[in-house]
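Written below as structure tokens is the structure these notes are about.
In this text the structure is predicted, and so the values were computed from the model without any measurement. Every chain is numbered from 1, with letters handed out A, B, ... down the list of sequences.
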Number of protein chains: 2
Amino acid sequence: MSRVVNGTPVKIAPQTILDVRKAVAELDYRTQSAGRALRKGTTQIIAVLAANLGNPVMSAIASSIEHALRQNGYVMLLCDTHEQADIQDEYLREMEALRVRAVIMVVAVPSPKLDEFRQAGIPLVFVNRRDPVRSRFPYVGIDNAAAGRDVAGYCLSKGWREIAVIHASLVYSAGRERLQGFLDRMQHPEGGLHTVRQFGSSGLDHLRIGELAMQDVLAQPVRPDVVVCLSDLLAYGAYKQASGAGLSIPRDMPLISFDDGPLNQWIAQWLSAVRIPYELIGDAVIAALTAMLESQHGNSSRQDKSPPVHDHIIPHQLIIRG
Amino acid sequence: MSRVVNGTPVKIAPQTILDVRKAVAELDYRTQSAGRALRKGTTQIIAVLAANLGNPVMSAIASSIEHALRQNGYVMLLCDTHEQADIQDEYLREMEALRVRAVIMVVAVPSPKLDEFRQAGIPLVFVNRRDPVRSRFPYVGIDNAAAGRDVAGYCLSKGWREIAVIHASLVYSAGRERLQGFLDRMQHPEGGLHTVRQFGSSGLDHLRIGELAMQDVLAQPVRPDVVVCLSDLLAYGAYKQASGAGLSIPRDMPLISFDDGPLNQWIAQWLSAVRIPYELIGDAVIAALTAMLESQHGNSSRQDKSPPVHDHIIPHQLIIRG
DNA sequence: TAGGTTCATGTAAACGTTTACGCAAGATAA
DNA sequence: TTATCTTGCGTAAACGTTTACATGAACCTA
């Protein structure tokens, strides 16, 4: 029975197949995952630990991943870690007990349990932000450094000289690489004369950080030609502050950000941004995942070489608006 | 062992408890949910079927529910039905096989499998939109009719005479009740002279519907004093269209909507809206849920009376901006 | 026809947990 | 002291699935 519904690679008489099919249809039989999970020691559940579902970009990513997982016979289990190590650990423990097949970290923070997972052989995929600890697990997302360079290139092409950058914490890969790429390109010989001032603080609420940073920007003696925000939410916060101060965006002060959530084209036409093609993330995650799962199988026989998983860089695009 | 970790109501020697605790701590034992699920026939998983995670209000609601469920020892499994009956059914089938403890429908559509679920005894909670079929299952959300009346009251207080309403499909409770409440109050004796014109179409993409509806509004010979949109997304679409046509919102044309997603206060200061307190939804869902689960237990003995579950109406608030 | 080979299917064990049941030892009562 | 009752704990069955292994039928070959 199990052999026919699951397509076990074993010879079955055609008649038997039909008989089973009929019985299945008649009884409306549906395999119960509890029994299977117990026997096989794993499930079809894949956990997605997202840092902040209140961020439209992240829920768009979650939505894309959910769709792709479902297409491939998995079930998504979605959690919100609020970017806090203890919550992330609690969830990871829970996922362990649930015997999930894999865990997808959409913006991870370092945590003890995550260290354990890296050892334990449970496949991990890091989306949007690389593994805080250099590891053999794949990253799915844009080339943040290149995106930073693109933004810098655009600023240079516009001849902007006075530049402000608003950032949140820079200890993680995404923000750090974006800033690094931006500064690299800016310091390029052909960059000419310009000043880049940095504003921002570390913390969890990007909206608020952006708001406060813009306050600092406006308190400067000289108003920047452009303000580059390292994420959409930072730009939203900055926008509120600047608008409240009577500035018209982008006429008085252009804003450029990274992420470009799906709502921007509707209600944030004042914002230019590097767009993460979140629709593509689901498929890329699946690709990374299946590569890992297969290499995991193969490795059971020959333990020697580490799995040949690699990052999946998806193309970004600078969208100019306003 | 099971007795002590689960706190079974049975006498256990204090010493044994300590011994077990020690062993659990030493071995880092964690009960595997597969075995438990198999034995008990149910899980700690609660499925949330949301119609559209791309809608910030819905992801905010999902986030709130997730938090509340976690607090109460459940695990949330989140799906996106895209408001389509066949996808919703596919998910419901999956949840059945997973033996989820309950299903929370955040904006449900009628579907055959949903009909089965109502019979099958799997607890259901309907959030934001009532069960399309009148049923004994609880609704959690705001009083949409009252919200509609509040908006009408505000319009009357401002003395607006020419009023446009933008709506999507009106076959479901939320939109229908909002519009009904609005019209009821408008037609109240003290309402005075005014005209209400309705725009909109049915479909899944509220953003696009709003955009097209606003196109129709602007094509009218007389420009309305206010445009009331039955959801945030409709307002976003309408805003884009109106802005594109050179109008300044809200100066040239105030917009009022329902939902008031968390981003509005940051980047949609031009929008007044009835706020759903999404932070409160999680707790309300838990209340509805535990009431059902308890009444379910009690009912196993006396089948006669239907469960005394009731709706949980949470307070809304009209936020005026701009 | 006997022996060997393949092929399809039946059988049973195992996964980890919960819980009904029963047993032993200690406490109480006669 | 013996009989009865309580208390704490050990035992085993059951949940539904997968899969290694056994069984037996049919088919081929010499």
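Considering only the side chain of B/Lys40, C/dT19 comes nearest among D/dT18, C/dT19, D/dC9. Checked against C/dT18, D/dG8, D/dC9, the side chain of B/Thr16 finds its nearest nucleotide in D/dC9.
Look at CE on B/Met1: it is 16 Å from C1' on D/dA12, rounded to the nearest Å. Taking atom CG of B/Leu38 as the reference point, atom P of C/dT19 lies 13 Å away to the nearest angstrom. Per the geometry, CD belonging to B/Gln44 stands 14 Å off C1' belonging to C/dT18, to the nearest Å. The CG-P distance, from B/Leu27 to C/dG16, rounds to 14 Å in whole Å. Rounded to whole angstrom, the span from the CD atom of A/Gln32 across to the C1' atom of C/dG16 amounts to 16 Å. Between the C1' atom of C/dA8 and the CG atom of A/Asp19 lies a distance of 13 Å, rounded to the nearest Å. For the pair A/Lys11 NZ and D/dG24 P, the interatomic distance rounds to 24 Å; values are reported in whole Å.
In terms of phosphate contacts, B/Arg36 brings a side-chain nitrogen or oxygen within less than 4.0 Å of OP1 or OP2 of C/dT18.
Evaluation of atom-type donor-acceptor distances gives a pair under 3.5 Å for the side chain of B/Arg39 against the base of C/dT18. You won't find any donor-acceptor pair under 3.5 Å spanning the side chain of A/Arg99 and the base of C/dG16, going by distance alone. One donor-acceptor pair, N or O on each side, does fall under 3.5 Å between the base of D/dG10 and the side chain of B/Arg3.
Both B/Ala13 and A/Thr31 lie near DNA chain D, and the one whose nearest nucleotide falls closer to the 5' end is B/Ala13.
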Take A/Lys113 and A/Glu116 through the test salt bridge (charged side-chain N to carboxylate O under 4.0 Å, His left out) and record every step on the way to the result.
CA-CA 5 Å; A/Lys113 198 72 194 171; A/Glu116 279 185 39; 2.9 Å; yes
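With 3.5 Å as the limit, one finds a donor-acceptor pair spanning the side chains of A/Thr42 and A/Arg101. For the residue pair B/Ser111 / B/Gln88, a side-chain donor-acceptor distance below 3.5 Å is found, with atom types taken as modelled. Side-chain contact annotation: A/Asp19 with A/Gln15, donor-acceptor N/O pair under 3.5 Å present.
Using cut-offs of 30° and 60° for the angle between ring planes, the B/His82 and A/His67 rings count as perpendicular.
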